[in-house]
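To start, the structure itself, in structure tokens.
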There are 2 protein chains.
Amino acid sequence: MKLELQIKMNPSLYIRDPEQSELGKNIIKHSIQLIHDNGFEAFTFKKLAESIGTTEAGVYRYFENKHKLLVYIISWYWGWIQFQLNYQTNNIKDPIVKLKKVIKLLSTNVEDDITTGHVDESQLHQILISEGSKAYLTNHVGKDNKQQFFQPYKDLCNAIGDIILECNPKYKYPHSLASTIFEMAHLQNFFMNHLPSLTDFSKSKNESEIIKYLEDLVFKSIRE
Amino acid sequence: MKLELQIKMNPSLYIRDPEQSELGKNIIKHSIQLIHDNGFEAFTFKKLAESIGTTEAGVYRYFENKHKLLVYIISWYWGWIQFQLNYQTNNIKDPIVKLKKVIKLLSTNVEDDITTGHVDESQLHQILISEGSKAYLTNHVGKDNKQQFFQPYKDLCNAIGDIILECNPKYKYPHSLASTIFEMAHLQNFFMNHLPSLTDFSKSKNESEIIKYLEDLVFKSIRE
DNA sequence: TATTTATGATAGTATTACTATTATTTAAAA
DNA sequence: TTTTAAATAATAGTAATACTATCATAAATA
């Protein structure tokens with residue numbers, strides 16, 4: 001038996017579960033590829049269908065619209081990060097070491113994980129940097145939230161918040177600091193590569209400087 | 001003579017300068033209104049034209065497309081914040097007091113400023129919270145950057161970075177911290193109102209808790 | 001007064017974001 | 001094994017969006 005990591009997805013995100021068919025998996029795979037290559041604005045179901053070798057109507061049978069598809073893949077990433085977080089901090093006792101792992105996990109462009117066949121985690125990380133906030137920065141965020149679309153993100157911030165509280169139980173802003181780490185791990189990366197004068201990192205360098213910045217920010221914030 | 005605050009805009013953002021005509025001013029005014037009310041995705045030049053009482057073609061004579069119009073109004077905000085920053089910190093010597101002013105300025109939903117007739121700064125602040133990052137989170141950020149569209153944002157982060165360095169000349173990440181303050185002042189506000197469990201602030205409260213969080217974050221970060 | 005310039009009115013195109021229909025293939029149930 | 005159901009492919013069509021083009025008219029300027 002082949003072991004494949006399955007991230008549990010919110011069924012309201014799709015019409016037909018893309019994990020359950022080849023076409024479905026292809027939709028996810030090629031969506032990630034296309035959004036990574038050309039950005040979400042340029043992404044259309046027609047282009048996606050062409051790239052897979054199916055028709056537009058075929059894609060619409062899986063996803064209502066391209067926004068839900070974006071939320072689906074970003075949701076998948078949130079779930080995957082949650083899994084990695086649990087896995088990587090599993091046997092660690094020192095919360096400071098745990099928090100460092102988290103910062104590194106969020107900031108680092110991971111290599112593609114073989115246990116998830118149709119998802120390229122490296123491209124997905126890039127998508128989160130450029131498109132991640134578009135999942136919630138919409139007019140219908142309230143509706144989407146009612147449908148629990150952002151639950152995996154909340155769970156993640158809760159988990160990170162718990163580690164922060166383990167480091168310092170008196171720290172007042174564990175959730176805000178968690179969402180700040182998550183968002184800034186991505187945004188400082190975007191700035192580093194595209195608008196470097198908004199950062200103190202040299203363009204096209206690797207993520208180690210961002211990690212140092214975030215560690216400095218976080219550990220100074222939570223020390224008593 | 002009536003004194004009106006004029007923010008110097010990058011001419012590449014527009015085809016015809018909207019400050020120079022009634023129609024132009026109306027385009028800005030109604031754009032802010034419509035984007036504020038319905039979000040940028042739902043915003044079209046047709047709706048804008050209808051709301052002004054002109055035609056689509058009329059709007060296209062001023063702006064090439066809706067993205068440039070968005071960058072225009074966000075650019076205007078960056079310039080306005082820069083002006084407010086200079087004005088409000090003008091005679092202050094203590095850099096810590098200055099930095100507190102900056103945090104408050106970025107976090108607070110200002111009242112509409114009478115010196116800028118056709119711009120509602122309060123709505124503009126809301127637009128920055130929900131749409132601000134869409135100005136640069138595009139596929140063509142490189143092109144836009146070459147045309148200096150983000151210069152006012154860079155100038156702003158430089159100015160804030162300078163204040164940070166006044167507080168602690170040895171602090172290593174003045175620009176990153178500046179962009180973090182700017183972005184988080186907006187994003188934590190968005191989260192507070194729409195996804196409150198990503199923060200430690202209670203929904204619909206005013207911005208004072210965000211200010212406290214940011215002050216805590218910043219001053220712990222830069223203390224020696 | 002002549003002439004440039006801005007606006008208004010109208011038309012038209014390519015693309016996007018869908019919905020609907022029917023035929024065909026594949027897979028599951030009887 | 002046949003029947004039936006479900007998934008997909010192929011095609012068509014619509015409303016809205018994001019533009020471009022043209023021409024007449026009004027207002028400002030030379």
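So you know, we letter chains A, B, ... as the sequences are listed, proteins then strands, and number each from 1.
In this structure, B:S130 and B:F190 have side chains that are in contact, with non-hydrogen atoms separated by less than 4.5 Å.
Between B:L48 atom CG and D:dC19 atom P the separation is 13 Å, expressed in whole Å. At whole-Å resolution of the value, NZ in B:K46 and C1' in D:dT17 are 9 Å apart. In this structure, CD1 of A:I27 is placed 11 Å from C1' of D:dT8, rounded to the nearest angstrom. B:E22 places its CD atom 14 Å from the C1' atom of D:dA27, with the value rounded to the nearest Å. Rounding to whole angstrom units, CD1 of residue A:I15 and P of D:dA6 are separated by 17 Å. At whole-Å resolution of the value, CZ in B:F40 and C1' in D:dT17 are 13 Å apart.
For the side-chain hydrogen bond (donor to acceptor under 3.5 Å, both in side chains) criterion with B:N145, the lone passing option out of B:Q151, B:H140, B:K154 is B:K154.
Side-chain atoms of B:Q126 and B:N109 form a donor-acceptor pair, as typed in the model, at a separation below 3.5 Å.
Contact between B:C157 and A:L198 at its shortest, heavy atoms only, is SG-CD2, 3.7 Å.
Using a 4.0 Å heavy-atom cutoff across all strands shown, B:F63 reaches no nucleic acid atom at all. Heavy atoms of B:Y60 sit under 4.0 angstrom from at least one base atom.
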Quiz item: Please walk me through it: do A:I74 and A:L124 pass side-chain contact (heavy atoms from CB on, under 4.5 Å)?
Solution: CA-CA 8 Å; A:I74 285 172; A:L124 204 41; 5.9 Å; no
Self-check item: Chi angles and distances behind the side chain to side chain donor-acceptor pair (under 3.5 Å) call for A:N193, A:N189
Solution: CA-CA 6 Å; A:N193 284 303; A:N189 191 309; 2.9 Å; yes
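Annotation: cation-pi geometry not satisfied between A:K66 and A:F43 (NZ/CZ under 6.0 angstrom from ring centroid, within 45° of ring axis).
Heavy-atom contacts of chain B under 4.0 Å fall on DNA chain C between two terminal nucleotides, which in 5' to 3' order are C:dA6 to C:dT10.
Ring centroids of B:Y62 and B:Y14 are separated by 6.0 Å or more, keeping the two rings apart. Side-chain rings of A:Y153 and A:F182 approach one another, their centers coming within less than 6.0 Å.
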Please list, for nucleotides 9-16 of chain D, all pairs of protein and nucleotide N/O atoms separated by less than 3.5 Å.
unit_1, atom_1, unit_2, atom_2, d
D:dA9, OP2, A:T54, OG1, 2.7
D:dA9, N7, A:R61, NH2, 3.1

